[in-house]
Amino acid sequence: MEKTLDLFSPTETGIVKTVTGEGKIKRRLFDMGITPGAQITMRKKAPLGDPIEVTLRGYELTLRKTEASCVTMEIK
Amino acid sequence: MRDDGDKITMLTMALAGNPNSGKTTLFNSLTGSTAHVGNWPGVTVDKKEGVYKKCPEPIAIIDLPGIYSLSPYTPEEVIARNYILDEQPDCVINIVDATNLERNLYLTTQILEIDVPVVIALNMIDAVEKVGDKLDEKALEKALGVPVVKISALKETGLDELMARAYEVSKRERLGKTVIEDAAVRHLIGDVKIALDGQNVKDPLFHAVKLVECDSIEVEMHPSALKTVEEFKKTHSDGIFGDDYEALIADARYKYISKNFSSVIKRKNEDRMKMTSSDKADKVLTHKIWGIPIFLLILFAIFHLTFSEDLLYLGAIFGLPSLEDLGLTVDGEAINYGVRWLACFYDGAVFSPGVIINNIWNDMLVGELFGFLEGLVENSGMADWAIGLVNNGVIEGVGSVLSFLPPILVLFLFFSILEDSGYMARIAFILDRMFRRFGLSGRAFMPMIMGFGCSVPAMINTRTLADDKERTATIRVIPFFSCGAKLPILTAVAGAVVAVFGIGNADVITFSMYVLGIVAAIVSVLLMRSTTLSGETPPFIMELPSYHAPQFKNLMLHLWDKAKHFIKKAFTIIMASTIIIWVLTHFSFSWQFLADEEINQSILANISRFVQPVLTPLGFGSQLGEYGWVFVVAAVAGLIAKENVISTFATLAACLAAVASLSLAGLDIEAEDGVDAVQAMINATNVTVPALIAFIAFNMTTIPCFAAVGTARSELGDKKRFNGTLIFWLASSYIIASMIYTIGSWWWTAFIWAAVIAIVVAVIVMRNKKAALK
């Protein structure tokens with residue numbers, strides 16, 4: 001099943017399939033390790049519902065839902 | 001291009017690595033007391049430099065900004081990249097966080113592409129080994145082809161070996177090497193590299209890879225080589241990535257890392273999702289419901305511990321007796337030296353640590369010293385004008401700046417603790433949603449809140465904001481977050497308002513001025529983001545580092561840097577400005593020395609009289625009559641440094657007292673809090689309460705001190721943007737102050753202001769709608 005990262009609920013895990021989005025955002029996502037094949041686990045949402053916190057490549061990353069919507073995930 | 005002549009021959013090594021990888025700790029351990037802070041050429045981003053002395057020859061260590069990648073998307077990345085490429089250090093020490101190998105090595109793979117000797121410092125190895133994991137640094141060394149040394153920057157282990165290996169490789173040339181294995185891309189990179197080689201470009205491999213990625217800086221630098229890239233891309237299309245070479249290369253780096261290095265680290269416990277103590281702390285601190293209240297509580301605690309004169313409200317709750325009640329002071333004078341010390345800690349209430357340090361510094365140390373110095377000058381037998389210049393100009397000016405050192409440092413200490421512990425990043429995480437409404441990211445919170453301490457480091461801190469327009473907007477509103485030096489203006493004027501007019505409560509006035517500053521900042525940001533600085537809300541993609549206890553040594557070094565900065569400011573810019581002000585008030589246009597009672601004829605009085613009518617809508621202009629210009633003088637002195645506003649009042653009060661019309665009966669104009677000095681001004685000018693409040697608001701929101709203006713100038717870079725910023729500060733302070741004065745004097749003018757604001761908002765909304773339709 002495929003869905004974008006912003007639609008994940010806490011503790012859900014998936015593999016990055018594609019990354020879209022405007023140049024700067026996409027570049028930043030790549031630099032932070034969100035590349036096709038990376039495993040990402042959703043940790044939690046911020047108290048106001050956005051941004052979200054995820055675990056990937058052994059560290060914690062936060063990004064907004066709008067940015068997370070650029071990341072299409074494959075769920076096992 | 002070195003700024004110090006004597007360093008031309010010294011070996012230079014650059015420290016590069018991810019943020020939170022322990023780079024600062026390593027730098028401090030290597031360089032110790034030799035470190036000094038300068039600026040990068042062209043930008044005021046801190047450039048830390050120090051010397052390592054334990055090798056056969058001394059080595060200059062340059063601390064590069066913490067970065068994740070060498071792509072040109074934040075000013076810090078550009079600085080680090082340009083430094084390595086242009087300044088050609090003899091060796092790059094790449095610090096890698098062993099607890100987070102994968103992402104840290106991503107930067108390493110890029111550094112390795114540059115033709116520079118590299119050594120890898122595998123930091124935090126103690127944390128890895130503590131949980132029973134094993135790391136095979138020899139395997140890593142073999143795969144990467146550069147020395148890898150296990151270190152702990154914190155415990156200072158492995159540092160000698162690291163530097164010995166770095167020294168060794170710095171003597172040899174090294175050619176860049178890429179880890180990208182995809183055959184077709186490798187071929188393309190090879191072709192571009194040959195083309196660049198032909199043009200005698202340095203570091204051809206690095207540039208070739210970046211060109212294939214269509215990196216914006218490279219495309220500008222090597223337009224000719226771009227053709228090769230474009231042609232190749234037309235004939236070749238990758239199955240998964242299509243034409244997206246940026247994705248392909250980023251992916252190739254991570255693929256290489258995960259393929260080669262998953263075997264390097266042997267984990268004792270395969271379960272990586274188990275709760276660490278950091279996770280537990282995070283669960284509470286970013287809790288859905290409790291996260292925000294806890295944050296507010298922490299923020300309140302910081303300001304309470306720094307500024308409160310009634311710690312935990314013990315005095316109010318238990319009705320503790322004052323020193324006067326206990327008979328330990330008589331008419332405010334301590335009965336003995338011991339009581340003077342006691343008075344630093346307690347008087348009817350226990351003081352907060354910030355206030356205690358402040359009292360000891362000002363009452364016992366600086367106060368005594370400067371009193372002693374003034375006495376010496378007094379009895380030196382110098383000419384009257386010279387005594388006046390040294391005592392009233394120099395010593396008091398410097399003393400007033402030094403007196404603000406304690407609260408600023410205490411505030412800094414708390415913010416450093418928040419930053420070092422990892423909580424600062426969570427604050428951004430919690431608040432991002434709120435800040436986005438104003439067109440900013442949660443990260444803008446840190447520089448803004450730092451503005452309460454001092455605008456200078458706050459403005460420098462904006463370099464963590466990737467978006468240019470967000471940065472500009474943030475820099476512009478930082479002075480609205482009333483800094484430590486503006487607090488005395490607030491307390492002195494508020495205190496005088498209460499003392500003279502018997503209206504309100506000084507704390508409430510001070511607090512509402514802080515709130516006014518915040519509101520002004522929010523409104524200004526909204527206004528700018530919908531007019532001159534409109535654009536997409538900047539992205540917010542940020543690492544949340546693990547929580548850890550801040551290190552005492554780092555905190556102290558950080559504070560020492562700040563203290564040095566302030567003391568330097570006191571003895572340079574402030575001393576110069578107080579001397580200038582003193583000269584301007586004691587000389588006439590014909591360069592005749594004027595006695596105190598002749599201040600009416602001084603240069604500054606004449607200039608200020610000329611300016612005075614302009615400030616009439618603000619309440620401290622023409623309506624104040626003969627001595628109304630004192631407020632102009634103080635405001636002008638405030639432009640040079642905010643600390644000067646109140647000390648100028650004291651100087652002016654002394655001058656005006658010599659003029660028969662002003663009586664100083666019962667006023668101690670030299671008093672440290674400045675309340676009496678302001679009272680003397682009120683007596684001399686009959687200024688009204690709304691005008692006084694407008695005066696504080698004007699000083700809070702107008703052009704900040706010279707040091708901050710200079711910082712804004714270099715941080716903004718662009719001259720046009722800087723001039724715009726100056727105009728913005730002048731205009732906003734003028735509008736805010738006149739709004740306060742007119743509404744405070746004639747309440748019905750509120751309707752006129754409301755109508756004007758409504759029209760402005762309507763025009764902006766309509767204009768933006770029109771633009772959106774186009």
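Residue numbers begin at 1 in each chain, while the letters A, B, ... track the order of the sequences. All of these numbers come straight from a predicted model, not from anything done at the bench.
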Q.
Among B:Glu213, B:Arg103, B:Gln110, which residue has the highest count of heavy-atom pairs closer than 4.5 Å to chain A?
A. B:Arg103

Q | chain B neighbours within residues 27-34 of chain A, where any heavy atom lies under 4.5 Å away | A | A:Arg27, A:Arg28, A:Leu29, A:Phe30, A:Asp31, A:Met32, A:Gly33

Q: Return the orientation label for the B:Phe445 and B:Phe295 ring planes: parallel under 30°, perpendicular over 60°, tilted otherwise.
A: perpendicular

Q.
With heavy-atom distances below 4.5 Å as the criterion, would you say the side chains of A:Leu61 and A:Leu56 are in contact?
A. yes

Q. At a heavy-atom separation under 4.5 Å, does A:Lys26 approach chain B through its side chain, its backbone, both, or neither?
A. side chain

Q: Can you tell which part of B:Ser441 gets under 4.5 Å to a heavy atom of chain A, answering side chain, backbone, both or neither?
A: both

(Q) Quick test of your reading of the model: are B:Glu470 and B:Arg443 salt-bridged, counting only N-O distances below 4.0 Å? (A) no

Q: Answer with side chain, backbone, both or neither: which region of B:Asn18 has an atom nearer than 4.5 Å to a non-hydrogen atom of chain A?
A: neither

Q) When only pairs under 4.5 Å are counted, which of B:His287, B:Met434, B:Glu543, B:Arg426 shares the most heavy-atom pairs with chain A? A) B:Glu543

Q. Yes or no on side chain to side chain donor-acceptor pair (under 3.5 Å) for A:Thr35 and A:Arg57, after CA distance, side-chain angles and deciding distance?
A. CA-CA 11 Å; A:Thr35 56; A:Arg57 301 188 189 274; 2.8 Å; yes

Q | Which atom of B:Glu419 lies closest to which atom of B:Met424, heavy atoms considered | A | CA-CB, 3.8 Å

Q.
Below 4.5 Å, heavy-atom pairs only: which of B:Thr286, B:Ile541, B:Ile292 has the largest tally toward chain A?
A. B:Ile541

(Q) Counting heavy-atom pairs closer than 4.5 Å to chain A, which one of B:Leu101, B:Asp282, B:Ile257 comes out on top? (A) B:Asp282

Q. Taking the six-membered ring for Trp, are the ring centroids of B:Tyr106 and B:Tyr254 within less than 6.0 Å of each other?
A. yes

**Q.** Pairing of A:Glu60 and A:Lys44 as salt bridge, 4.0 angstrom limit
**A.** no

Q) Are any of the side-chain nitrogens in A:Asp6 or A:Arg64 under 4.0 Å away from the carboxylate oxygens of its partner? A) no

Q) Are B:Arg253 and B:Glu113 ion-paired here, with the side-chain N under 4.0 Å from a carboxylate O? A) yes

